[in-house]
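First up is the structure itself, then whatever we jot down about it.
In this text, all values refer to a predicted model and were calculated from it rather than measured experimentally.
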Amino acid sequence: MTADAFTTCLWFDGKAEEAAHFYVSVFKNSAVERVVRWPESGPGPAGSVLSVEFTANGQRFVALDAGPEFTFNEAVSFQILCADQQEIDHYWTKLTEGGGEGGPCGWLKDRYGLSWQVVYAPLPDMIADPDPERAGRALRAMMGMGKLDAAGLERAYAGE
């Protein structure tokens with residue numbers, strides 16, 4: 001194994017290059033590094049996209065244009081820990097635009113069907129609090145939300 005971190009491979013059906021450019025536009029520290037196209041010898045149409053290597057928020061990805069055989073589901077998602085409501089709003093808005101959809105508890109699906117958790121960064125510590133009352137209030141508040149409301153979570157956690 002090389003010293004590099006893991007690279008996540010995402011399977012798309014004809015939209016790998018479009019998706020890579022979308023993710024690069026959403027996150028800082030991002031770039032499309034390489035687009036690999038099918039050669040004349042195939043098996044894909046010559047010149048069409050085979051894969052796109054890109055970095056999003058410093059993480060390495062490969063977008064593979066491999067056809068309709070597999071699609072994304074909620075069994076795998078990416079968590080975005082957000083410092084404040086402004087970040088929550090930013091990522092929620094950007095990732096749901098163009099056909100994405102919000103879900104419960106800070107989860108959403110983007111226009112490609114990839115699942116994301118847009119999380120208020122203090123929330124994992126809130127729901128892991130050794131005080132079961134505080135933890136329970138924060139967890140119940142989160143369970144009642146779609147897009148997370150940082151102030152609402154803080155109020156619930158504090159018992160207000």
Side-chain angles (χ1 to χ4, degrees), residues 1-128 139 141-150 153:
M1 183 179 207
T2 66
D4 292 339
F6 290 108
T7 299
T8 301
C9 182
L10 302 172
W11 183 296
F12 293 91
D13 179 15
K15 298 198 181 253
E17 188 170 18
E18 175 186 309
H21 285 286
F22 172 69
Y23 297 131
V24 165
S25 76
V26 171
F27 297 98
K28 296 177 185 174
N29 193 19
S30 302
V32 171
E33 281 109 28
R34 178 167 54 174
V35 178
V36 178
R37 300 189 181 279
W38 283 105
E40 291 292 327
S41 57
S48 65
V49 172
L50 168 60
S51 64
V52 181
E53 298 170 19
F54 69 101
T55 301
N57 197 36
Q59 302 294 311
R60 294 176 50 208
F61 291 88
V62 171
L64 181 65
D65 241 336
E69 291 83 2
F70 301 107
T71 57
F72 300 121
N73 67 49
E74 294 81 358
V76 174
S77 62
F78 293 97
Q79 279 190 346
I80 305 168
L81 295 178
C82 300
D84 53 32
Q85 191 65 47
Q86 183 178 353
E87 281 191 357
I88 292 168
D89 294 345
H90 167 78
Y91 289 114
W92 189 273
T93 299
K94 294 300 274 182
L95 290 168
T96 57
E97 75 184 11
E101 60 185 37
C105 307
W107 286 60
L108 64 85
K109 281 189 177 183
D110 67 27
R111 66 179 83 166
Y112 305 102
L114 191 58
S115 293
W116 298 84
Q117 298 175 51
V118 182
V119 179
Y120 179 47
L123 182 60
D125 288 335
M126 290 176 176
I127 61 178
L139 183 58
M142 179 209 59
M143 298 290 288
M145 296 177 181
K147 178 175 72 170
L148 297 185
D149 171 6
L153 290 167

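- Put simply, the side chain of S48 gets close to the backbone of P45: a donor and an acceptor are under 3.5 Å apart.
- How far CG of L114 is from OG1 of T71: 11.5 Å, rounded to the nearest 0.5 Å.
- Looking at every heavy atom in both residues, L81 comes nearest to A121 through CB-CB, 4.2 Å.
- A distance-only check finds a donor-acceptor pair linking the side chain of S30 to the backbone of K28 [under 3.5 Å].
- The two atoms that bring F72 and G113 nearest to each other are CB-O, 3.3 Å, heavy atoms only.
- Side-chain atoms of T55 and E33, non-hydrogen and from C-beta on, do get closer than 4.5 Å to each other.
- Contact of the D89 side chain with the Q86 side chain is not registered, since no non-hydrogen atoms from C-beta on lie closer than 4.5 Å.
- Every residue was checked against the ring-ring contact (aromatic ring centres under 6.0 Å, His included) condition with Y120, not counting sequence neighbours, and none meets it.
- In this structure a side-chain-to-backbone donor-acceptor pair under 3.5 Å is present from Q85 to A150.
- In this structure the side chain of E101 never reaches within 4.5 angstrom of the side chain of L108, judged on heavy atoms.
- A donor-acceptor pair is defined here as one N or O able to donate and one able to accept, closer than 3.5 Å; such a pair exists between the side chain of D65 and the backbone of G14.
- A heavy-atom distance below 4.5 Å is not found between the side chains of V36 and V49.
- Using a 4.5 Å cut-off on side-chain heavy atoms (C-beta onward), C105 and M143 make contact.
- Contact detail for V118 and C82: the closest heavy-atom pair is CG1-SG, 3.8 Å.
- Of all heavy-atom pairs spanning W38 and P43, the tightest one is CZ3-CD, 2.9 Å.
- Here the CZ atom belonging to F54 is positioned 10.5 Å from the OG1 atom belonging to T7, to the nearest 0.5 angstrom.
- Here the straight-line distance linking atom CG of D13 with atom NZ of K15 works out to 8.5 Å at 0.5 Å rounding.
- Of the N and O atoms on the side chains of Y23 and D110, at least one donor lies less than 3.5 Å from an acceptor on the other residue.
- For the pair R111 and F22, the distance from NZ or CZ to the six-membered ring centre is under 6.0 Å and the angle to the ring normal is within 45 degrees.
- Between the CG atom of L123 and the CD atom of Q79 there is a distance of 9.5 Å, given to the nearest 0.5 Å.
- Between the S51 side chain and the V62 main chain, no donor and acceptor come within less than 3.5 Å of each other.
- Side-chain contact between Q59 and T8 is absent, with no heavy atoms from C-beta onward closer than 4.5 Å.
- In terms of heavy-atom proximity, V52 sits nearest to A20 at CG1-CB, 3.6 Å.
- Checked options Y91, W107, F78; the residue passing with Q117 is W107 (criterion: side chain to side chain contact (heavy atoms under 4.5 Å, CB included)).
- Residues satisfying the side chain to side chain contact (heavy atoms under 4.5 Å, CB included) test with W11, not counting sequence neighbours, are L64, A66, E69, F70.
- Shortest non-hydrogen contact noted between K109 and S115 is CG-OG, 3.8 Å.
- The closest side-chain heavy-atom distance from M142 to L148 is below 4.5 Å.
- Taking CE from M126 and CG from L153, the interatomic distance works out to 6.0 Å, rounded to the nearest 0.5 Å.
- The distance from atom CD1 of I80 to atom CG of L95, rounded to the nearest 0.5 Å, is 5.0 Å.
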